[in-house]
Amino acid sequence: MTSIRFSGVKTRFGDVVATDIDHLEIDSGEIVCFVGPSGCGKTTALRTVAGLLSHDEGDVYFGDRLVNDLPPERRNAAMVFQNYALFPHMTVFDNVAFGLTVRKKPPDEIADKVRSVLDLVQLPDVGERYPNQLSGGQQQRIAVARALATEPDILLFDEPLSNLDAKLREYMRFELRQLLENLKITTVYVTHDQTEAMVIGDRLIVMNAGRILQDAPPSQVYHRPADRFVADFIGTVSIVEGRVAEAADADGLVRLRTSDGLSFWGNGVGVGPGEAAVACIRPEAIQFAPGSERDARNRFEAVIEVATDLGEVREIHLTVGSWKLRSRVPASMALEAGERTEIEILAERCTVVRP
Ligand code: ATP
């Protein structure tokens, strides 16, 4: 186990700055997810940790040790790839044993280790099979077992669930999270899937255009996004544009004067009076049966435009003047398209951030 630190790390491909990371620390045993849209630099950051890419500026440390020039094979980091990268002509046993065989470990030690990691990924009986005799989910677990067999200090995952179908992917997220939690190995995990990142990561590093926009635990990223891009990328959100009209009150709420002249209260994050800003409204912040306190903030008359039954919940699209909002309510709640209704948007659940 080891900690990882990036200091002023820049990686360029021609004119493209793939990563520009001023400062990043990953604690020993922590599970960190790099998340962001295609091309944001997350794979480049992962490959920099692995030593598969040399960066142009800055320093990377494992603990106190500068590793800029340390080749991949001496970093004791193991990588799990999107396509599993299992050797098709080798049995599962030989695949998992590969790193140990290369290191010329004694056969007894190899057999014990392979058995123990196959147990760990809950596939104790497949050692004699070949990869093509396993399901996608099983192959992925074997790839994890192979990575674990060499007892790495750092585990690296590059979109490991992307090749699985949606249902299996959803299941494997939780399974992988549980496994990683028990292992307590420093883990860097790359995904473009925000839900996967929220399940897997102790911390999310949200990236765009090579830079880190936010580095925080998943619930903080969701409830207090650093800016509009982060709010939009992580979870469902409705955005209302405007300008900050009043600085934070005792509760930390700022008043946004929206572009159509309404007032909206929400938690101000990095915005001050007079600045352009946007309100980020999560579906669950919208209440359809507000209480009777007369001075409650963010009460509006809304029109239900679309109400779609999704089984467990109803997805509601509504408008407040020119705002377009999305919400979800229990399936039992009788809301129909065309209805006018009073809503309250809970100010303490909303953020007002940089546009
Ligand atoms: P994806 O989810 O699509 O894999 P990513 O966030 O992992 O994207 P990177 O692969 O790190 O993004 O790429 C970051 C930027 O660097 C992109 O603009 C990409 O086109 C560029 N890039 C990455 N690798 C190379 C390369 N070998 N040669 C040239 N440009 C590259």
Side-chain angles (χ1 to χ4, degrees), residues 4-26 30-60 67-69 71-72 75 77-85 136 139-140 143-144 147 154-166 168-170 172-173 176 180 186-216 218 221-222 225-235:
I4 303 168
R5 181 155 56 92
F6 275 35
S7 177
V9 172
K10 259 192 193 177
T11 308
R12 294 189 197 84
F13 294 107
D15 292 341
V16 175
V17 179
T19 53
D20 183 358
I21 299 178
D22 278 346
H23 183 79
L24 170 67
E25 283 196 56
I26 302 171
E30 208 179 6
I31 307 165
V32 160
C33 278
F34 281 93
V35 64
S38 183
C40 72
K42 49 196 190 298
T43 305
T44 302
L46 186 82
R47 290 166 65 83
T48 305
V49 175
L52 296 169
L53 255 183
S54 52
H55 45 285
D56 298 295
E57 284 177 35
D59 294 316
V60 178
V67 297
N68 289 357
D69 300 320
R75 295 194 177 203
M79 183 105 124
V80 178
F81 297 93
Q82 181 173 349
N83 58 4
Y84 324 127
Q139 288 184 50
Q140 195 269 352
V144 174
I154 299 173
L155 267 176
L156 304 171
F157 288 87
D158 190 3
E159 304 261 10
L161 304 184
S162 297
N163 281 0
L164 305 178
D165 67 56
L168 184 58
R169 198 161 64 222
E170 200 177 312
M172 289 296 294
R173 273 175 204 153
L176 201 50
L180 293 174
T186 311
T187 298
V188 183
Y189 191 107
V190 161
T191 178
H192 64 274
D193 181 326
Q194 40 105 2
T195 315
E196 189 173 313
M198 291 198 64
V199 173
I200 299 276
D202 296 328
R203 244 168 68 210
L204 305 190
I205 315 285
V206 188
M207 293 187 70
N208 192 32
R211 290 176 176 271
I212 296 176
L213 300 186
Q214 190 162 13
D215 171 354
V221 173
Y222 183 83
D227 63 15
R228 177 183 185 153
F229 181 92
V230 176
D232 230 353
F233 194 77
I234 303 288

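Read the numbers this way: they start at 1 and go in the same order the structure lists the ligands and their atoms. These numbers were taken from a predicted model, which means no experiment stands behind them.
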Kindly determine whether F157 and I200 satisfy side-chain contact (heavy atoms from CB on, under 4.5 Å), including the steps that lead there. CA-CA 11 Å; F157 288 87; I200 299 276; over 6 Å; no
Under the side-chain contact (heavy atoms from CB on, under 4.5 Å) rule, what do F6 and V49 come out as? Steps first, then yes or no, please. CA-CA 9 Å; F6 275 35; V49 175; 3.7 Å; yes
Ligand 1-proximal atoms of T43, by part, heavy-atom distance under 4.0 Å: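 The answer is both, backbone and side chain.
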Proximity to ligand 1 by part of H192, non-hydrogen separation under 4.0 Å: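 Near ligand 1, H192 shows nothing, with every heavy atom at 4.0 Å or more.
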What is the nearest protein non-hydrogen atom to [atom], stated with its residue, atom name and distance?
{"atom": "atom 11 (O) of ligand 1", "answer": "T44 OG1, 2.5 Å"}
{"atom": "atom 18 (O) of ligand 1", "answer": "V16 CG1, 3.6 Å"}
{"atom": "atom 28 (N) of ligand 1", "answer": "F13 CD2, 3.6 Å"}
{"atom": "atom 3 (O) of ligand 1", "answer": "S38 OG, 2.5 Å"}

Min N/O separation G39 to ligand 1 under 3.5 Å: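 Between G39 and ligand 1, an N or O pair is found under 3.5 Å apart.
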Does any N/O atom on A18 come nearer than 3.5 Å to any N/O atom on ligand 1?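 No, no N or O pair falls under 3.5 Å.
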Spatial distance of atom OG1 (T11) from atom CG (L53) [nearest 0.5 Å]: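 Reported value, rounded in 0.5 Å steps: 6.5 Å.
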Rounded to the nearest 0.5 Å, what separation is found between the OG1 atom of T48 and the CD1 atom of I4?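 CD1 of I4 is found 11.0 Å from OG1 of T48.
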With heavy-atom distances below 4.0 Å as the criterion, list the atoms of ligand 1 near C40.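 Close to C40: 5 (P), 6 (O), 12 (O).
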Short list, please: which atoms of ligand 1 are under 4.0 Å from a heavy atom of P37?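 In order of number, 6 (O).
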My understanding is that we take every heavy atom of each candidate and find the minimum distance to atom 6 (O) of ligand 1. Doing that for K42, R12, R47, which one comes out nearest?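 Closest candidate by heavy-atom distance is K42.
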State which residue, out of D193, T195, T191, fulfils the side chain to side chain donor-acceptor pair (under 3.5 Å) condition with R173.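 Of D193, T195, T191, side chain to side chain donor-acceptor pair (under 3.5 Å) with R173 is met by D193 alone.
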Lys/Arg-Asp/Glu bridge criterion (N-O < 4.0 Å) met for D56, K10: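 Salt bridge flag = no for K10 with D56.
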Evaluate the 4.0 Å heavy atom contact test for atom 20 (O) of ligand 1: does a protein atom fall under the cut-off?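 Under 4.0 Å from atom 20 (O) of ligand 1, zero protein heavy atoms found.
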Do you know which of D22, D227, D20 makes salt bridge (charged side-chain N to carboxylate O under 4.0 Å, His left out) with R211?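 When salt bridge (charged side-chain N to carboxylate O under 4.0 Å, His left out) is applied between R211 and each of D22, D227, D20, only D20 qualifies.
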So M79 and L46, do their side chains get closer than 4.5 Å, heavy atoms only?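 Yes, side chains in contact.
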Would you check if K42 and E159 make a side-chain contact, meaning some heavy-atom pair closer than 4.5 Å?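 With C-beta onward as the side chain, the pair touches.
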Is the shortest distance from a heavy atom of G41 to ligand 1 less than 4.0 Å?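 Yes, G41 has heavy atoms under 4.0 Å from ligand 1.
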